[in-house]
Number of protein chains: 2
Amino acid sequence: MPTRKTFASNPAQNDAADTRTRILAAALKLFRKHGYHGVGLNDILELAQAPKGSLYHHFPGGKEEIGVAVVDQIAKGILGLFAASRARSTAAMIAQVGEQMAQTIERTNHELCALYTAFLAERSSSPDLGNAVAKAYAEMTGSLKARLVADGMPAKLAKDRASFVVMLLEGGATIAQAQQSVAPFRLAVKQAALLCDVALK
Amino acid sequence: MPTRKTFASNPAQNDAADTRTRILAAALKLFRKHGYHGVGLNDILELAQAPKGSLYHHFPGGKEEIGVAVVDQIAKGILGLFAASRARSTAAMIAQVGEQMAQTIERTNHELCALYTAFLAERSSSPDLGNAVAKAYAEMTGSLKARLVADGMPAKLAKDRASFVVMLLEGGATIAQAQQSVAPFRLAVKQAALLCDVALK
DNA sequence: CATTCTGTAGACCAGTCGGTCTAGCTACGC
DNA sequence: GCGTAGCTAGACCGACTGGTCTACAGAATG
């Protein structure tokens with residue numbers, strides 16, 4: 001598997017994943033656990049087993065560029081879950097994806113729950129990061145809205161409901177982390193699904 | 001107005017508020033804007049117009065103690081809003097308090113929205129802060145549940161609904177900050193109130 | 001072989017971090 | 001007056017921050 005384009009993988013160091021991927025994975029894990037400002041580049045580097053030179057080679061924009069990449073990746077992941085769901089109704093899809101998220105929360109000992117919470121405070125100090133977060137939310141809401149409309153819900157209502165569900169997931173994840181329990185999150189998911197189902201009015 | 005106990009106010013510096021209060025107010029503002037890790041002690045000191053010695057006199061525990069104090073203060077504030085509300089039903093109370101929060105969000109240019117988001121990532125590095133956040137959520141949920149029970153809602157359902165409302169407020173505030181718009185938050189509040197009202201089933 | 005390009009490796013930097021320490025001021029008890 | 005406690009004031013500290021820089025290893029191209 002080539003690292004990039006025509007460049008064959010380095011047989012010495014790239015055992016499993018290339019350096020860029022390792023750095024991104026490490027950053028994802030740490031940012032969601034400690035928050036953007038709570039993580040130092042050295043933490044990322046240590047976890048990724050990479051030197052600083054590699055980091056700035058793959059991410060010339062430094063920490064901020066890594067942050068944006070992580071936000072994008074999270075968004076892509078959730079959107080991917082939505083897309084991959086074969087559930088018949090939107091309500092069923094939310095229940096299914098929500099359960100997948102709940103299990104992730106459990107698997108990580110309630111450490112990496114909140115979706116973008118970790119990045120939220122950055123708008124003032126870093127417009128790029130703030131925009132990335134806003135875009136991620138907008139995409140999730142948009143995707144959900146589209147599904148609801150396809151179900152037959154009026155556009156205006158669908159938009160509100162989609163926004164509502166996203167809020168619920170975010171808030172639920174946040175509180176799950178605070179309380180060290182997924183129970184609130186599961187409750188939120190259940191209610192959100194219910195709301196998309198019965199409330200097609 | 002004496003600063004503390006029998007100690008008369010310092011005529012030179014304590015014009016409006018004593019130093020401890022100023023430090024706390026500054027920390028509150030900055031933490032909610034940039035997050036716990038995004039704020040340095042020097043930032044707080046500059047905004048509060050206080051020297052470092054005063055900070056460590058009033059908060060021997062340093063930054064962490066300030067963080068805990070800020071979380072407590074936020075919780076006290078919201079609980080106070082609940083208590084002060086003269087609304088007849090719980091639903092009306094939520095609508096009223098939610099509107100007050102929405103106005104605060106607007107007044108601060110969507111900068112200090114999320115309730116505890118800023119502190120959430122700290123559980124791993126600081127148990128005290130994590131516990132303070134968890135306690136704050138528990139208190140809010142408890143207070144809301146008590147109101148709902150007083151309204152005649154069964155205890156189990158009231159607990160779920162209270163938890164649900166808190167999640168919604170938190171998620172709504174988070175997304176309001178991300179999108180730089182209170183509209184999602186107002187929507188969340190409306191839905192939350194509705195849910196407490198019609199769903200007494 | 002020589003050059004070049006991709007990427008690794010880590011020493012190094014100025015600036016900032018949270019935190020400590022001593023000095024001094026002011027108001028009160030005596 | 002004197003001593004002491006409450007509090008202000010800020011110099012100072014080692015650790016660490018994000019970021020830059022040079023050196024170099026290896027595969028690709030000629």
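In what follows, chains are A, B, ... by sequence order, proteins preceding strands, each numbered from 1.
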*List for me each residue that meets side-chain contact (heavy atoms from CB on, under 4.5 Å) alongside A/Ala136, sequence neighbours excluded, and say none if there are none.*
A/Val71, A/Ala75, A/Tyr116

_Taking side-chain contact (heavy atoms from CB on, under 4.5 Å) as the definition, give me every residue that meets it alongside A/Lys135, ordered by chain and number, with sequence neighbours left out._
A/Asp72, A/Glu139

_Residue whose closest nucleotide on DNA chain D lies nearer the 5' end, A/Asp43 versus A/Pro60_ = A/Asp43

Rounded to the nearest Å, what distance is computed from the [atom1] atom of residue [X] to the [atom2] atom of nucleotide [N]?
X: B/Asp18; N: D/dT8; atom1: CG; atom2: P; answer: 8 Å
X: B/Leu41; N: D/dC12; atom1: CG; atom2: C1'; answer: 15 Å
X: A/Ile23; N: C/dG7; atom1: CD1; atom2: P; answer: 12 Å
X: A/Lys63; N: D/dC16; atom1: NZ; atom2: C1'; answer: 12 Å
X: A/Glu64; N: D/dT17; atom1: CD; atom2: P; answer: 18 Å
X: A/Arg20; N: C/dT6; atom1: CZ; atom2: P; answer: 15 Å
X: B/Ile44; N: C/dT16; atom1: CD1; atom2: P; answer: 16 Å
X: B/Phe59; N: C/dT20; atom1: CZ; atom2: P; answer: 16 Å

*How would you list, by chain and number, every residue that makes a side chain to side chain donor-acceptor pair (under 3.5 Å) with A/Arg107, sequence neighbours excluded?*
A/Thr104

_Sequence-distant partners of B/Glu99, salt bridge (Lys or Arg N to Asp or Glu O under 4.0 Å), two or more places apart_ = B/Arg186

*Tell me, yes or no, whether the heavy-atom count around B/Gln73 atom CD, taken from other residues, nucleotides or ligands under 6.0 Å, exceeds 12.*
yes

*Take atom CD of A/Glu46 as the centre, draw a 6.0 Å sphere, and report whether it contains more than 12 heavy atoms from other residues, nucleotides or ligands.*
no

*asked:* Expected output is a numbered-order residue list: members of residues 50-57 of chain A with a heavy atom under 4.0 Å from any atom of DNA chain D. What is it?
replied: A/Lys52, A/Tyr56

_Residue B/His58, side-chain atoms from C-beta onward, closest of D/dG18, D/dC7, C/dG19_ = D/dC7

*Can you check whether A/His37 has a side-chain N or O nearer than 4.0 Å to OP1 or OP2 of D/dT17?*
no

*So, is B/Asn42 near the phosphate of C/dC17, with a side-chain N or O under 4.0 Å from OP1 or OP2?*
yes

Would you list the atom pairs, donor with acceptor, under 3.5 Å between side chains in residues 59-69 of chain B and any protein atom, with sequence neighbours excluded?
residue: B/Lys63; atom: NZ; partner: B/Tyr36; partner atom: O; Å: 3.0
residue: B/Lys63; atom: NZ; partner: B/Val39; partner atom: O; Å: 2.8
residue: B/Glu64; atom: OE2; partner: B/Ser126; partner atom: OG; Å: 2.6
residue: B/Glu65; atom: OE1; partner: B/Gly61; partner atom: N; Å: 2.6

